[in-house]
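What follows is one structure encoded as structure tokens, with my remarks underneath.
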Amino acid sequence: MLQVNSIKENYQTVLAGLEKRNFPEADTTLTQVLDIDQKRRETQTERDQLQAESNSISKQIGMLMKEGKKDEAEKIKSRTAEIKGLIKDLENRYDEFEQELTQLLYTIPNIPHENVPAGKSAEDNEIVLEEGQIPTLGEDKMPHWDLIKKYDIIDFDLGAKISGAGFPVYKGKGARLQRALINFFLDEATAQGYNEVQPPIVVNEASGYATGQLPDKEGQMYEIAADGLFLIPTAEVPITNLYRDVIVSENDFPIKNVGFTPCFRREAGSWGAHVRGLNRLHQFDKVEIVQITHPDKSYEALEDMSSYVQGLLKKLELPYRVLRLCGGDMGFTSALTYDMEVYSAAQERWLEVSSVSNFETYQSNRLKLRFKGDDKKTTLAHTLNGSALALPRIVASILENNQTENGIRMPKVLVPYLGFDIID
RNA sequence: AGAGGAGUGGCAGAGUGGUCGAAUGCGGCGGUCUUGAAAACCGUUGUACCGCAAGGUACCGGGGGUUCGAAUCCCUCCUCCUCUGCCA
């Protein structure tokens with residue numbers, strides 16, 4: 001969430017940023033934030049003064065008791081009763097203001113970076129570059145949902161039986177392909193200096209709030225109500241939360257972690273032809289990269305992560321394009337996001353396979369993730385993350401783009417991981 | 001899951017109702033000494049909020065309570081350890 005101080009100090013910038021996001025009634029909301037904060041601070045000052053008085057009386061009583069002047073002590077006691085009530089009231093007021101403030105701040109999205117294009121929807125996203133040759137397939141080309149049946153590598157019906165729609169079962173070479181991709185992605189990231197972690201795939205409420213999935217999107221997550229836990233929608237949640245309430249040393253930057261996890265999304269309200277096959281699932285596999293950086297270095301890191309992801313797509317021989325998301329399409333918590341899309345040649349569509357974002361201090365403020373520099377001052381760090389990569393759509397386009405009469409040719413880079421070079 | 005024990009500053013570890021934000025040791029930082037280093041010695045060493053400042057307030061696992069006053073007493077939740085049970 002945004003910091004009140006930054007709203008105060010950069011009011012016009014924040015306002016313009018919210019307008020770029022088409023955030024309604026931005027001015028009213030921001031004024032309200034400052035107003036509540038003002039009241040909160042005034043209440044604190046008042047409360048602290050009374051508390052100080054009360055503390056000093058208590059000390060006096062202590063001294064008097066020690067000296068055996070019980071009567072005098074009793075006399076002063078009566079004075080404290082009044083103060084006590086006042087403090088209680090102020091405390092309640094303070095808590096209310098603070099809660100109100102937090103609730104309000106939760107509704108305000110991150111401020112877009114200046115390079116974020118204005119726009120309302122996906123139509124307005126800016127295509128940064130397009131790379132790779134789009135294959136031309138014959139008339140008999142098949143979409144991946146037919147290919148997986150033909151070669152019996154992924155089974156939706158079976159998954160539906162044991163779990164429900166959107167929970168596929170990977171079989172034989174299909175399962176092997178999953179494992180190969182996961183290992184390939186992890187090896188590549190590790191080679192780039194990312195530290196591999198294996199986090200839990202359920203998280204508590206505090207973690208959900210810290211990275212911004214709560215309170216906004218609880219409907220998107222599967223909830224284990226009996227235990228107050230949520231199935232993660234992305235490894236971003238547990239991996240970033242590793243650093244909740246942590247003060248790192250400036251020398252530790254950049255902190256780079258990579259992790260593979262299954263991801264779970266309820267995707268309530270999504271249906272239709274676009275979600276057929278592997279295009280949208282309730283459970284899918286993803287390798288996620290997360291960086292924590294010095295504020296001065298985060299955009300450098302973002303470019304670095306973007307080109308890293310592009311490198312993966314090149315190695316997989318997939319045609320792709322990079323989009324810079326517009327203000328209206330960007331995620332709530334992001335300041336700048338690149339989406340990577342691969343071309344799926346039988347569906348004849350671009351499919352999003354990665355989203356790389358810089359959150360600046362939006363997450364770290366909730367996380368209380370700070371760093372200490374040589375000057376000993378603590379400052380909020382910047383957090384970034386990106387998919388590297390999400391598997392299902394990668395699989396979809398590998399299957400579709402590489403189909404031949406004799407079977408589906410596998411990208412060379414995967415062959416050592418697969419132990420075969422064709423699915424037939 | 002049941003029984004018992006424990007959670008204090010970066011770590012270790014005192015403190016069981018009153019100048020305790022907290023002894024002491026280790027570690028860290030600064031200095032003296034030294035050609036340099038070590039040792040020794042001296043000093044310093046948590047976080048957040050309010051305040052122009054002086055200063056103040058809060059925090060001893062989380063939350064609540066008792067009391068003029070709580071690290072210390074009570075309730076509750078969480079976590080860890082030991083034993084028993086169960087189990088990949």
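Letters go in sequence order (proteins before strands), and every chain restarts at 1. All values reported here derive from a predicted model rather than from experimental measurement.
- Both the sub-6.0 Å distance and the 45° axial angle are not jointly satisfied by Lys39(A) relative to the ring of Phe97(A).
- Comparing A6(B) with C75(B), their P atoms are spaced 14 Å from each other, to the whole Å.
- For the P atoms, the distance linking C60(B) with G5(B) amounts to 23 Å, nearest Å.
- Note: CG (Asn365(A)) to C1' (C49(B)) measures 14 Å, nearest angstrom.
- If you take atom C1' in U16(B) and the same atom in G25(B), they sit 23 Å apart, rounded to whole Å.
- Nearest to the side chain of Tyr94(A), among A58(B), C49(B), A48(B), sits C49(B).
- G17(B) and C33(B) have their P atoms separated by 49 Å, with the value rounded to a whole Å.
- A54(B) atom P lies 16 Å from atom CG of Asp48(A), rounded to whole Å.
- Geometrically, Arg47(A) engages Tyr94(A) in a cation-pi contact defined by less than 6.0 Å to the ring centre and at most 45° from the axis.
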Donor-acceptor pairs are to be reported for all side-chain atoms of residues 48-63 of chain A against protein atoms at under 3.5 Å, with residues two or more places apart or in another chain.
from     : atom 1 : to       : atom 2 : distance (Å)
Asp48(A) : OD2    : Gln44(A) : NE2    : 3.4
Ser58(A) : OG     : Ser54(A) : O      : 3.3

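- Taking atom CG of residue Leu64(A) and atom C1' of nucleotide U19(B), one finds them 13 Å apart after rounding to whole Å.
- Formation of a donor-acceptor pair under 3.5 Å by the Ser357(A) side chain with backbone atoms of Phe359(A) is not found in this model.
- Nucleotides C74(B) and U66(B) are separated by 15 Å at their P atoms, to the nearest Å.
- Each of U19(B), C50(B), U57(B) was ranked by its minimum atom distance to the side chain of Arg40(A); first place goes to C50(B).
- Regarding Glu46(A), its CD atom lies at a distance of 16 Å from the C1' atom of C49(B), rounded to whole Å.
- Out of C50(B), U47(B), U57(B), the shortest distance to the side chain of Gln44(A) is found at C50(B).
- Under the Watson-Crick or G-U wobble criterion, with both distances below 3.5 Å, C83(B) is paired with G2(B).
- Across the C1' atoms, G18(B) and C73(B) are found 15 Å apart, a figure rounded to whole Å.
- A straight line from CD of Glu98(A) to P of A58(B) spans 15 Å, rounded to a whole angstrom.
- Of the charged side-chain nitrogens involved, none lies within less than 4.0 Å of a carboxylate oxygen, so that Lys150(A) and Asp146(A) do not count as a salt-bridged pair.
- C26(B) is paired with G10(B) under the criterion used here, namely a Watson-Crick or G-U wobble arrangement in which both key atom distances are under 3.5 Å.
- For Asp245(A) and G46(B), the CG to P distance is 19 Å, given to the nearest whole Å.
- Comparing the C1' positions of G61(B) and U8(B) gives a spacing of 10 Å, expressed to the nearest Å.
- For the 3.5 Å distance criterion, the side chains of Tyr338(A) and Ser307(A) fail to qualify, holding no donor opposite an acceptor.
- Remark on RNA chain B: of its neighbouring residues Ile247(A) and Asn5(A), the 5'-side contact belongs to Ile247(A), judged by nearest-heavy-atom nucleotide.
- Applying the Watson-Crick and G-U wobble criteria (two distances, each under 3.5 Å), C20(B) pairs with nothing in any strand.
- Checked against U57(B), G46(B), U19(B), the side chain of Lys372(A) finds its nearest nucleotide in G46(B).
- In this structure, C41(B) forms a base pair with G31(B), meeting either the Watson-Crick or the G-U wobble geometry with both donor-acceptor distances under 3.5 Å.
- Across all strands shown, A58(B) forms a Watson-Crick or G-U wobble pair, both distances under 3.5 Å, with U47(B).
- Here, G21(B) and G56(B) have their C1' atoms 14 Å apart, quoted to the whole Å.
- A donor atom on one side chain and an acceptor atom on the other are not found under 3.5 Å apart for Tyr299(A) and Asn115(A).
- Nucleotide U67(B) has no partner under the Watson-Crick or G-U criteria, as no pair reaches both atom distances under 3.5 Å.
- Closest approach of Val248(A) and Val246(A) over heavy atoms only: CG1-CG1, 3.6 Å.
- Checking the phosphate oxygens (OP1, OP2) of A58(B), no side-chain nitrogen or oxygen of Arg47(A) falls inside 4.0 Å.
- Taking 4.0 angstrom as the limit, Arg41(A) places none of its side-chain polar atoms (N or O) nearer than this to OP1 or OP2 of C49(B).
- Between Met63(A) and Gln51(A), the one whose closest nucleotide on RNA chain B sits nearer the 5' end is Met63(A).
- In this structure, Asn55(A) reaches the A58(B) phosphate: one of its side-chain N or O atoms is under 4.0 Å from OP1 or OP2.
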Expected string for nucleotides 60-73 of chain B under the B/S/- scheme (protein heavy atoms, under 4.0 Å, primed atoms plus P, OP1, OP2 as sugar-phosphate) is -----S--BS----
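- Lys377(A) places its NZ atom 17 Å from the P atom of G46(B), with the value rounded to the nearest Å.
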Taking it one step at a time, do Phe371(A) and His294(A) satisfy ring-ring contact (aromatic ring centres under 6.0 Å, His included)?
CA-CA 8 Å; Phe371(A) 69 93; His294(A) 190 283; 5.0 Å; yes
